[in-house]
Amino acid sequence: VLKLSSLENKICTLVIFPEYRNKGLASLLINLALSKSKKELTLTVSENKFLMFKKLLDKFGFNIIKEDYIYNEAEKELFLSTYNKKAKYE
């Protein structure tokens, strides 16, 4: 799900079922989202799933800009953006 508004351009949900993984579909969808976005594109991913997505997110220039327990007190969410190149995951 891609949310494009005057307030934000955000990938809200990106799900690839296991039987369709490693076929380039996530890259295709992110490319499509980037082509539709007129400015930076953001997304969030839980810290415990970050390493699973890191290679893909690096490929498209996503960088961590914020960390917070916004959705669940027990699980940190990482906020990533294609714009802010200063932040790094530590």
Side-chain angles (χ1 to χ4, degrees):
V1 175
L2 178 62
K3 179 182 178 183
L4 299 176
S5 74
S6 61
L7 299 176
E8 65 182 346
N9 290 342
K10 181 178 181 181
I11 297 175
C12 297
T13 306
L14 177 63
V15 177
I16 306 295
F17 289 105
E19 62 269 23
Y20 298 105
R21 292 182 185 159
N22 300 310
K23 298 179 191 287
L25 294 175
S27 290
L28 179 74
L29 292 171
I30 291 175
N31 265 323
L32 182 60
L34 287 167
S35 72
K36 299 286 184 190
S37 175
K38 302 292 187 222
K39 54 183 180 178
E40 73 179 300
L41 192 59
T42 62
L43 60 82
T44 61
V45 64
S46 61
E47 185 177 46
N48 68 342
K49 292 183 180 178
F50 177 72
L51 290 179
M52 181 172 39
F53 293 103
K54 185 176 182 340
K55 184 178 175 184
L56 179 68
L57 297 172
D58 286 348
K59 175 181 174 179
F60 289 98
F62 283 93
N63 292 289
I64 296 172
I65 57 172
K66 179 180 169 184
E67 301 177 11
D68 201 346
Y69 292 89
I70 191 167
Y71 301 120
N72 180 342
E73 290 180 10
E75 189 171 24
K76 191 186 299 182
E77 286 291 315
L78 307 177
F79 294 74
L80 295 99
S81 171
T82 57
Y83 178 74
N84 185 333
K85 304 295 182 191
K86 296 177 187 172
K88 298 238 189 263
Y89 185 70
E90 298 176 31

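Side-chain contact between T82 and E40: present, with at least one pair of heavy atoms (C-beta onward) separated by less than 4.5 Å. Looking at T44 and I70, their side chains never come closer than 4.5 Å, going by heavy atoms from C-beta outward. Using a 4.5 Å cut-off on side-chain heavy atoms (C-beta onward), L41 and F60 make no contact.
The list of side chain to side chain donor-acceptor pair (under 3.5 Å) pairs with a residue in residues 16-31, not counting sequence neighbours, reads S27-K59.
Qualifying side chain to side chain donor-acceptor pair (under 3.5 Å) partners for S37, counting only residues two or more places apart in sequence or in other chains: N9. L32 pairs by the side-chain contact (heavy atoms from CB on, under 4.5 Å) definition with S35, K36, not counting sequence neighbours. In this structure, the side-chain contact (heavy atoms from CB on, under 4.5 Å) partners of N72, at least two apart in sequence or on a different chain, are A74, E75. Under the rule for a side chain to side chain donor-acceptor pair (under 3.5 Å), the partners of K3 that lie at least two apart in sequence or sit in another chain are E8. For F53, the side-chain contact (heavy atoms from CB on, under 4.5 Å) test picks out V45, K49, L57, with sequence neighbours left out.
Linking Ile, Leu, Val, Met, Phe, Trp and Tyr whenever their side-chain heavy atoms come within less than 4.5 Å puts L51 and L56 in one cluster. I65 is connected to Y71 through a chain of hydrophobic side-chain contacts under 4.5 Å among Ile, Leu, Val, Met, Phe, Trp and Tyr, so both are in one cluster. Hydrophobic clustering places F17 together with M52 (ILVMFWY residues linked when any side-chain heavy atoms are closer than 4.5 Å, directly or through intermediates). Note on I16 and F50: same hydrophobic cluster, where clusters join Ile, Leu, Val, Met, Phe, Trp and Tyr whose side-chain heavy atoms are under 4.5 Å apart, directly or indirectly.
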(message) side-chain contact (heavy atoms from CB on, under 4.5 Å), that's the test. Do T42 and K10 meet it? Break it down for me.
(response) CA-CA 5 Å; T42 62; K10 181 178 181 181; 3.6 Å; yes
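Rounded to the nearest 0.5 Å, atoms CD1 (I11) and CG (L4) are 9.5 Å apart. Atom-to-atom distance recorded for L14:CG and L25:CG is 9.5 Å, nearest 0.5 angstrom. Rounded to the nearest 0.5 angstrom, I64 CD1 and S81 OG are separated by 11.5 Å.
Closest approach of L78 and L80 over heavy atoms only: O-CD1, 3.5 Å.
Counting heavy-atom neighbours within 6.0 Å of K39 NZ, excluding the residue itself, gives a total above 12.
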